Amino acid sequence: MERWLKLSLLLCIFGFLKEIRPSEPYVTHFLMGPWKNFTANEVYEEIYPVGTYSTLALLVVVFLVTDFLRHKPVIVADALTGVAIYSLLIWAQGIPLMQVMEVLYGGFMAGEVAYYTYIYASVDRSRYQAVSGHTRAAYLVGRCTSGVMAQVLVSTGAMDYLELNYITLASMVAATMWALLLPSTQSSIYFHRDKAILPSHEKDSLEANDAAPPERMARAFWYLRRDLVTAYTSSSVVKWSLWWALATCGFYQVLNYTQLIWEEVVQSSGQQLYNGAVEAVYTVVGACSALALSSLRLNWQLLGPPALAACALVQAAAVYTISVSQDLWLSYAAYILCLAAYQALVTIASSEIAKLLKEECFGLIFGVNMFFALALQSILTLVVITWLQIAPREQFLIYGSYFAVLGVGFVFVALYSLLKGQWRGVTLKSLWLPKEERADT
Ligand SMILES: *[C@@H]1O[C@H](CO)[C@@H](O)[C@H](O)[C@H]1NC(C)=O
C-alpha cells in the first residue's frame, strides 16, 4: 500500500474509534438519573457552561502546542483525556468533579485540531483532499455506528445508561493505544517549517533545524501573523468567516442544551428516549445535505446570502418548535431539520472560505473562526445561563430569536446586493459556476 494511503487508514481508524461514544446522546439523562442525581439547574448552570468556557480557553493553547510538539503527542494526549473524562463520568460524584470533567472535555474538543492538522504535516499536498475526505467519512461512520449501537443496546434492554459509558471508556482506551501507532511527523506548519511539505519557495533554505530556539519561535510567529493577515485582509474571508462563526455559535448552543428539553418531556410523559437513533439519523441527514450542496457548483457569491437567509430562518423555526413542543417526536424532527440547515449553511461558508486560502492555512483559519464562534457562545452562555439563569425552554426562545435575527440580517445582505445591481444581467445559467473556476487555481 502507498504510504499516504496507509497513513490515511491509520488516521481513519483512530477517528472512528474516537467517535464511538454511545453514552454521549444520553449524558444529560445519565447526569440527572439515579447514577448522579443532579438537578436540571445544576446541569445547565454549573456543569455544561464550564465545557464551553474551557474549550474557548484551551483552543489557542492547544493549537500552538500541537504545532510545537508536532501533532502526535497531542493526539495521544487527546485520546487519554477521553479516558479521563469517561472515568470521571463513571466513578466520580459531585459537582466539582463534574466541572473538572467538563474542563477536560473542553481540552478534548480543542484537541481535535491535532487530528485535523496532522494531515497537512504528514502527506503530500496533492493528497490533502483525499485524506480529508477519508477522515471526514470515518468521523461520520463512527458517529452513526455509535448512535445506532446506543439505541439498539438501550432499546433491547441489553445495557443501561451507565453501561454505555463503559463502552465509551473502552473505545477511548483503544483510541489511545491506536494513537501510539501513528507515525510521528517531522514537520509542522509553523514551528517546524523547515521540513514541511511546502512548495520549495516557502521553505527556509538557509536555516535548518539548528536555528536557535528563540529565532525559530520568532519565525513561527512571523509566519502565523503573515497567514492571519493574508486571510483576514480579504473581505470575502472576513464575511464568510463571520457568518460561519455566527451560525456555529447558535448551533452549538442548541446542540449542548436540547437534551435537557427532551429529558423534561420524558420525565413528564414517561416516554422512552431515542437520542441514539436521532444521533444516527442526524449524522446521515447532515452528511447528505453537505454532500448535495458541495456537489452543486453554484455561484455562492450571488446565491450565498439568500441561501443563508433561508437556512437561518429554517433553523429559527426549528428552534422555536423545540422550545414550545411537548411532543418528543416533533422535537426530534425539528432538531434534525435544524442540523440539516446548519450543515447546509456551514458547507457553503466553509467551501467559500477554503477557496480563498492555501490548504496549509485551513487549520489556522478554521481554528480562529472556531475561536470566534466559541467566544460568542461563551458570551451568550454567560448572559443567558450564568447571569439571567433562564430555564432551557426559554433559552431556546432566545436561540430561536438569535437565528431569526441572523436570517433577517442575511435577507438584508441579499437585498443590498440586489440594490447594488449585482443581480443585473444575471441569467439562470450564470448562477452556475463554469467548470474551470476551481478552488485550486
Ligand atoms: C440517587 O437517588 C436515589 C433515590 O433517592 C438513590 O437510591 C441513589 O443512591 C442516589 N445516588 C447517588 C449517587 O447519590
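Counting convention: from 1, in listed order, for ligands and their atoms alike. Values reported hereafter were calculated over all heavy atoms of this structure, with side chains retained and with hydrogens, waters and symmetry mates removed. Remember, it's a predicted structure, so these values are computed and weren't measured experimentally.
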* **Polar contact flag for K36 and ligand 1 (N/O pairs, less than 3.5 Å)** => no
* Asked: Of all the non-hydrogen atoms in the protein, which one sits nearest to atom 5 (O) of ligand 1, and at what distance?
  -> N37 ND2, 4.8 Å
* What atoms of ligand 1 come closer than 4.0 angstrom to any heavy atom of Q93? -> 13 (C)
* Do the side-chain N and O atoms of T386 and Y53 include a donor-acceptor pair separated by under 3.5 angstrom? -> yes
* Asked: Is any NZ, NE, NH1 or NH2 atom of the basic residue among R21 and E279 found under 4.0 Å from an Asp or Glu carboxylate oxygen of the other?
  -> no
* Within a distance of under 4.0 Å, is there any protein heavy atom near atom 13 (C) of ligand 1? -> yes
* To do: Kindly confirm or rule out a cation-pi arrangement of K18 over Y139, judged by NZ or CZ under 6.0 Å from the six-membered ring centre and within 45° of its axis?
  => no
* Asked: What do you think, any protein heavy atom under 4.0 angstrom from atom 7 (O) of ligand 1?
  -> no
* **T55 and Y105 side chains, donor-acceptor separation under 3.5 Å** => no
* Anything under 30° is parallel, anything over 60° is perpendicular, the rest tilted; go ahead and classify F68 against H192. => tilted
